[in-house]
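All remarks here apply to the structure that follows.
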Amino acid sequence: MTFTKLKSHFINWREWELNPIVIKELRQAVRSWAVTGMLILFLSVLFIASLGFLVTQSFSVDTDLRLGGTMFSAFTMILAVASVIFIPLYVGVRVGAERVDNNPDLLYVSTLSPGRIIRGKFFCGAYMALLFFSACMPFMAFTNLLRGVDLPTVFFVLFFLFLVVCLANMFAIFLACLPLSRPFKILFALIGFIALCFVITSVIGFTFSMMRFGLGGTLGTREFWGGVATAVGIGLGLMGLFYFLAVALISPPSMNRALPVRIYLTVIWFLGGLLTVGWAMKTGYAQIIGAWAMISFVLQLLSLLVVISNADQLSARVRRDIPQGGGRRAVAFLFFNGAAGGLLWVAILSVATFFATKEVLFLGETWSARGLAMNANDQDQFFTASAATLAYAFAYALTALLIQRNFFPKRSPKLAGLLCVLLAGAWAVLPSIVFFFLNQLSWRSVESLQLGNVFNIFSLREDERRVYHLFFAMGWLILMIVLNANWFARQAKNFRPAGAGEVPPPLPQ
């Protein structure tokens, strides 16, 4: 069925139409003095900078053979600041303005799909980036005539800078789609601005390193193109992640918003693991798998907060898509809306990540040509800390679900995610406050009497004490699993297609 739709879509390519969101956004950008003024300012800065370099060189007696490279580095810094900050800021503000409740714009009254709306916003940002890059291209090409930089380096740096701008645009769209109040949106905007500043610093450092080493001797090597493909793949993977998250955020609650996000996260988790193992075998560093494990654990912990904020009741639209078969229904239970299936999905990925990392590091002792950076004791402490952290996270989540169902059943299910964060923070802060007022606060009291504090795992002076955290966390987790067993069984039993004439309960807001 899907193949037939794709075939019909590409056969009728003459009937394709441009995304109306792109037309709307570009029309707004043309009428906006912010875009026009920023572009004129950008060109003025480039012209003044190039004129300053040439005038300074005219007073020098010796010919500077690196003048072209110096000018290219300066132009790259100007382009990075202008494109990585202004364009995502403009796109994010535009999307955030349409997410305000008292502004019923296209996100609320349009018949366009959420995916098409997000793609339109993204394509508008990409087009604006191309506009700035096109304006900067004559200055970049001029630097090649002054020596010190070759054309492959110019195009390579500009390509990666454009990829960074597109990634920053999608990140800004994701932040603007978050259902937060205005103060929290301003806070997240500041966090995003700080992150973009770090991105600009990394881009400038990358440009300087490329100018120092060049590309002439590396273009024909497999290692170079393998690294380029890996970097591009990671960038596209992050871009796709923010895209699916943004689409899920603006989709109505009656849609199966969890399905594309969970499928995408599972796919990039699997492909990322294969890529990491391939690089580990290629370079001989088996410990590279640890970086993939840490990133996977962070994504899974963040997913856990989102999962427990899902509603238990499924809409009629979602229940119509539930498969009839038992095996297919069991798989769909992991990827459809609902906190129970989401918890099981995160648990499966977390356990698979844990044991896959352990197995690769174990096998790396035999095939790793360069040896392992961690000895046996360090590996044991790493896996103990990881297991205890995961157990604490699931214990916090199940405790928050238990509190939300029993004490706040009529409140929004998003309260469970908030309770989980508050529970972890309170358990970390309150004991220290009590010990402080009792004048008994010391490192010994913090280490020995704060079982249940997940942050205490990473501040222990004696690594052997992590075993106590692991035992406590596993005991707490088992208790929460038992207390939530009836709820989980009820959710699994109710996960079935809607019967004829059956009306599901309304979704909580």
Side-chain angles (χ1 to χ4, degrees), residues 2-3 6 115 118-119 122 126 159-160 162-164 166-171 173-174 199 202 221-248 256-304 306-307 328 330-336 341-364 367-368 382-383 386 390:
T2 304
F3 177 75
L6 290 175
I118 295 300
R119 289 195 299 271
F122 172 75
F159 169 74
F160 268 90
F162 179 75
L163 182 64
V164 170
C166 292
L167 179 59
N169 287 338
M170 188 56 68
F171 179 66
I173 293 173
F174 162 70
V199 169
S202 302
T221 60
R222 293 183 178 180
E223 290 78 8
F224 172 78
W225 290 111
V228 171
T230 301
V232 173
I234 293 174
L236 295 178
L238 289 174
M239 203 179 303
L241 175 61
F242 291 131
Y243 165 76
F244 282 106
L245 290 176
V247 171
N256 194 5
R257 298 187 290 185
L259 179 63
V261 177
R262 293 181 188 178
I263 290 178
Y264 184 80
L265 282 173
T266 305
V267 170
I268 64 173
W269 169 82
F270 180 73
L271 294 179
L274 292 181
L275 179 66
T276 307
V277 172
W279 273 107
M281 297 183 67
K282 177 70 175 179
T283 60
Y285 287 102
Q287 62 272 17
I288 296 179
I289 194 68
W292 168 77
M294 295 302 297
I295 295 174
S296 299
F297 285 146
V298 171
L299 289 177
Q300 288 153 15
L301 294 179
L302 294 176
S303 301
L304 191 62
V306 178
V307 159
R328 295 174 56 194
V331 175
F333 181 67
L334 301 176
F335 295 94
F336 275 42
L343 280 170
L344 189 58
W345 169 71
V346 177
I348 292 175
L349 288 186
S350 300
V351 173
T353 303
F354 181 84
F355 285 103
T357 306
K358 195 169 186 178
E359 187 67 20
V360 170
L361 288 178
F362 175 76
L363 295 176
W367 56 259
S368 179
F382 171 76
F383 289 117
S386 301
L390 290 174

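Given the structure is predicted, the values throughout are model-derived calculations rather than measurements.
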- request: Output the distance between atom CG (L349) and atom CG (L344), rounded to the nearest 0.5 Å.
  value: 10.0 Å
task: For residues S303 and V346, report the shortest heavy-atom separation together with the two atoms involved.
output: CB-CG2, 4.2 Å
From L302 atom CG to F297 atom CZ, the distance as rounded to the nearest 0.5 Å: 13.5 Å
- prompt: Where is the tightest heavy-atom contact between R262 and F336, given as atom of each residue plus distance?
  reply: NH1-O, 2.7 Å
statement: Interatomic distance, OG1@T266 vs CG@L271, rounded to 0.5 Å, equals 10.5 Å
P260 versus F244, closest heavy-atom pair with distance: CB-CD2, 3.9 Å
- prompt: Between CG of L304 and CH2 of W345, what distance do you get to the nearest 0.5 Å?
  reply: 10.0 Å
query: Once you round to the nearest 0.5 Å, how far does CE of M294 lie from OG1 of T357?
result: 10.0 Å
Could you go through residues 227-241 and list every donor-acceptor pair under 3.5 Å that involves a side-chain atom there, pairing it with any protein atom two or more places apart or in another chain?
from	atom 1	to	atom 2	distance (Å)
T230	OG1	G226	O	2.8
T230	OG1	W279	NE1	2.8

Heavy-atom side-chain proximity of I173 to F242 below 4.5 angstrom: no
Any residue meeting side chain to side chain donor-acceptor pair (under 3.5 Å) with S350, in chain and number order, not counting sequence neighbours: Q300
- prompt: Below 4.5 Å, heavy atoms only, C-beta onward: do L299 and W269 meet side chain to side chain?
  reply: no
message: Students often mix this up, so state it plainly: with edges at 30° and 60°, are the rings of F383 and F354 parallel, tilted or perpendicular?
response: perpendicular
query: Looking only at heavy atoms, which two atoms of V247 and G115 are closest? And how far apart?
result: CG2-CA, 3.7 Å
- prompt: Only one of L275, T276, L274, V277 clears side chain to side chain contact (heavy atoms under 4.5 Å, CB included) with W292; which?
  reply: T276
Nearest heavy atoms of A246 and I118, plus distance in Å: CB-CD1, 4.0 Å
